[in-house]
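See below for the structure under consideration.
We number each residue from 1, following the sequence as shown. Side chains included, hydrogens not; waters and symmetry mates left out as well; all remaining heavy atoms used.
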Amino acid sequence: MTAEMVGQQRAALVTGGSRGIGFAIAEALLRQGAAVAITGRDDTALRRAADALGTLGNLRVIRADVRDATEAAGAVDEAAKAFHGLQVLVNNAGVGRFADVGDMTIDAWQQVIDTNLSGVFYCCHAAIPHLRQAGGGWIINISSLAGKNAFTGGAAYCASKAGLNAFSEALMQEVRHDNIRVSYIMPGSVSTGFGGRGAAGQADWKLAPGDVAQVVTDLLAHPARSLPSRVELRPSRPPRK
């Protein structure tokens, strides 16, 4: 399968697709011929994404908060209905709240866990029947190297991504015989300004959102007989310590 054929005849839902990594993934899929739905919570960001991506192909914009099980399921069902099926789910929506455990608020903890972990469960739970009906497909979860490399101030975020990794491993085994392939991508530092940790585009040594998007399209083009179930992605030349 050539790169140009990766997205053809596929319908995809990308959560958190209005900016950053999710935006880059949606753009890459649209350019390769997929019908793409994106979700987000920020109306302004969604409008900007719609303006930027709408000319590239069949795009649907859905306002939804994946922390809410009903909204997450509604977004999946809306995408499947709009595109007469669903073959790809990219769980990208995520938040970062960074503080030592003793200083972190309960609300901040719940935002991180509910978005980065529970939200993925809600979307997968809703999407699996559609993927089975389509005869198979892909679930790709955007995790982080923080899921294996803990750091001070990142207890909530690291725990959410470690949980996402374990969730992905178990789900992969559950649905593989339904012809549903599950993979998770663990990027290192990405230049997006995520979690308020530096402005987007300011660090040339960091990964670009498009680097993660390329991994997604490469996975979709992978031969059906094999499964790259986990991809670790690092900057090639980070600063010397």
(message) Arg60: which residues meet the side-chain hydrogen bond (donor to acceptor under 3.5 Å, both in side chains) condition with it, sequence neighbours left out?
(response) Glu78

(message) Could you measure the distance from the CG atom of Asn116 to the CG atom of Asn91? Nearest 0.5 Å is fine.
(response) 11.0 Å

(message) As an exercise, state the distance from CG of Leu89 to SG of Cys124, rounded to the nearest 0.5 Å.
(response) 5.5 Å

(request) Write out all pairs satisfying salt bridge (charged side-chain N to carboxylate O under 4.0 Å, His left out) with one or both partners inside residues 99-109, taking only residues at least two apart or from two chains. (result) none

(request) First locate atom NE2 of His130, then atom CD1 of Ile180, and finally report the distance between them rounded to the nearest 0.5 Å. (result) 11.5 Å

(request) Taking all heavy atoms of Arg181 and all of Pro223, pick out the closest pair and write down the distance. (result) NH1-O, 2.9 Å

(request) Looking only at non-hydrogen atoms, find the nearest pair between Trp205 and Pro235 and report the distance. (result) O-CB, 3.2 Å

(message) Taking Ala34's backbone N and O only, do any of them form a donor-acceptor pair with Asn58's side chain (distance below 3.5 Å, no angle check)?
(response) no

(request) Starting at OG1 of Thr15, measure out to OH of Tyr122 and round the result to the nearest 0.5 Å. (result) 14.0 Å

(message) Restricting to side-chain hydrogen bond (donor to acceptor under 3.5 Å, both in side chains), what partner residues turn up for Ser143, sequence neighbours left out?
(response) Asn165

(message) Are the side chains of Ile128 and Ile139 in contact, using a 4.5 Å heavy-atom criterion?
(response) yes

(request) Write down the atom of Leu59, the atom of Gly54, and the distance for their closest heavy-atom approach. (result) CD2-N, 3.8 Å

(request) Among Ile, Leu, Val, Met, Phe, Trp and Tyr joined by side-chain contacts under 4.5 Å, find the other residues sharing a cluster with Met186 and list them by chain and number. (result) Leu145, Tyr184

(request) Return the minimal non-hydrogen interatomic distance between Val76 and Cys123, and the atom names on each side. (result) CG2-O, 3.8 Å

(message) Would you say Leu86 ends up clustered with Val66 if hydrophobic residues are merged whenever their side chains have heavy atoms under 4.5 Å apart, either directly or through other cluster members?
(response) no

(request) Sorted by first residue and then second, give each side chain to side chain donor-acceptor pair (under 3.5 Å) pair with at least one member in residues 33-45; sequence neighbours left out. (result) Asp43-Arg63, Thr44-Arg47

(message) Filter on salt bridge (charged side-chain N to carboxylate O under 4.0 Å, His left out), then keep only pairs touching residues 159-178, sequence neighbours left out; what's left?
(response) Arg132-Asp178

(message) Tell me whether Asp51 contacts the main-chain N or O of Arg48 through its side chain, where contact means a donor paired with an acceptor under 3.5 Å.
(response) no

(message) Test of understanding: with side-chain hydrogen bond (donor to acceptor under 3.5 Å, both in side chains), list the residues that count as partners of Ser168, not counting sequence neighbours.
(response) Asn141

(request) State yes or no: do Ile140 and Val215 share one hydrophobic cluster built from I, L, V, M, F, W and Y residues joined by side-chain heavy-atom distances below 4.5 Å, directly or via other members? (result) yes

Distance-only donor-acceptor pairs under 3.5 Å for side chains of residues 20-29, two or more places apart:
residue, atom, partner, partner atom, Å
Glu27, OE2, Arg31, NE, 3.4
Glu27, OE2, Arg31, NH2, 3.1

(message) Grouping I, L, V, M, F, W and Y whenever their side-chain heavy atoms are under 4.5 Å apart, do Phe83 and Val36 come out in a common cluster?
(response) no

(request) Starting at OG of Ser229, measure out to CG of Leu219 and round the result to the nearest 0.5 Å. (result) 10.0 Å

(message) Please find the pair of heavy atoms, one from Asn149 and one from Cys158, that lie closest to each other, and give the distance.
(response) O-SG, 4.2 Å

(message) With side-chain contact (heavy atoms from CB on, under 4.5 Å) as the test, pick out the partner of Ser160 among Thr115, Val95, Ile113.
(response) Ile113

(request) Write down the atom of Ala50, the atom of Val61, and the distance for their closest heavy-atom approach. (result) CB-CG2, 3.8 Å

(message) Could you work out, with ring-ring contact (aromatic ring centres under 6.0 Å, His included) as the rule, every residue matching Phe121, not counting sequence neighbours?
(response) His125

(request) With sequence neighbours excluded, tell me which residues meet salt bridge (charged side-chain N to carboxylate O under 4.0 Å, His left out) with Lys148. (result) Glu232

(request) Kindly compute the distance separating CD (Gln111) from OG1 (Thr105), expressed to the nearest 0.5 Å. (result) 7.0 Å

(message) Restricting to salt bridge (charged side-chain N to carboxylate O under 4.0 Å, His left out), what partner residues turn up for Asp77, sequence neighbours left out?
(response) none

(request) Can you sort out the partners of Asp65 under salt bridge (charged side-chain N to carboxylate O under 4.0 Å, His left out), two or more places apart, ordered by chain and number? (result) Arg67

(message) According to a hydrophobic-cluster definition based on side-chain heavy atoms being under 4.5 Å apart (Ile, Leu, Val, Met, Phe, Trp, Tyr only), do Leu53 and Val216 belong together?
(response) yes

(message) Assigning hydrophobic clusters by single linkage (Ile, Leu, Val, Met, Phe, Trp, Tyr; side-chain heavy-atom cutoff under 4.5 Å), is Leu233 placed with Leu164?
(response) yes

